[in-house]
Novice: 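The structure's right below; bear with me while I get my questions together.
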Amino acid sequence: MITVIGLLIVAGLVGLSLLARGLRAQVEALREEIALARIEGVLGKDSPVP
């Protein structure tokens with residue numbers, strides 16, 4: 001019974017790790033798009049977007 005709980009905990013941690021990695025990649029892609037938009041002059045530097 002303890003091994004089943006341990007495996008569930010490990011599976012949960014792996015799932016959270018993969019989710020965090022995916023979110024990080026999406027945030028990075030969004031930052032690149034914002035940077036390109038600023039270079040092209042679509043967004044100003046005073047824009048509230050980080």
Side-chain angles (χ1 to χ4, degrees):
M1 186 68 178
I2 294 175
T3 56
V4 173
I5 294 173
L7 288 174
L8 287 174
I9 292 173
V10 169
L13 290 175
V14 169
L16 285 175
S17 174
L18 292 175
L19 179 65
R21 184 177 297 172
L23 289 175
R24 198 175 309 136
Q26 288 182 350
V27 167
E28 190 62 35
L30 183 62
R31 284 183 179 167
E32 289 176 8
E33 287 184 28
I34 291 170
L36 285 175
R38 283 183 176 161
I39 290 172
E40 293 172 357
V42 176
L43 290 176
K45 292 206 177 218
D46 296 332
S47 177
V49 179

Novice: Of all residues at least two apart in sequence or in a different chain, which pass the side chain to side chain contact (heavy atoms under 4.5 Å, CB included) check with Leu7?
Specialist: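 Leu7 satisfies side chain to side chain contact (heavy atoms under 4.5 Å, CB included) with no residue once adjacent residues are dropped.
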Novice: Could you give the distance from CG (Leu16) to CZ (Arg21), rounded to the nearest 0.5 Å?
Specialist: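 One gets 12.5 Å once the value is rounded to the nearest 0.5 Å.
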Novice: Roughly how far, to the nearest 0.5 Å, is the CD1 atom of Ile39 from the CD1 atom of Ile34?
Specialist: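 Spacing of CD1 (Ile34) from CD1 (Ile39) equals 12.0 Å.
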Novice: Please enumerate all residues that pass side chain to side chain contact (heavy atoms under 4.5 Å, CB included) together with Val14, with sequence neighbours excluded.
Specialist: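 In terms of side chain to side chain contact (heavy atoms under 4.5 Å, CB included), with neighbours along the sequence ignored, Val14 is linked to Val10, Leu18.
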Novice: Can you name the residues that form a side chain to side chain contact (heavy atoms under 4.5 Å, CB included) with Gln26, not counting sequence neighbours?
Specialist: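 Residues passing side chain to side chain contact (heavy atoms under 4.5 Å, CB included) with Gln26: Leu23.
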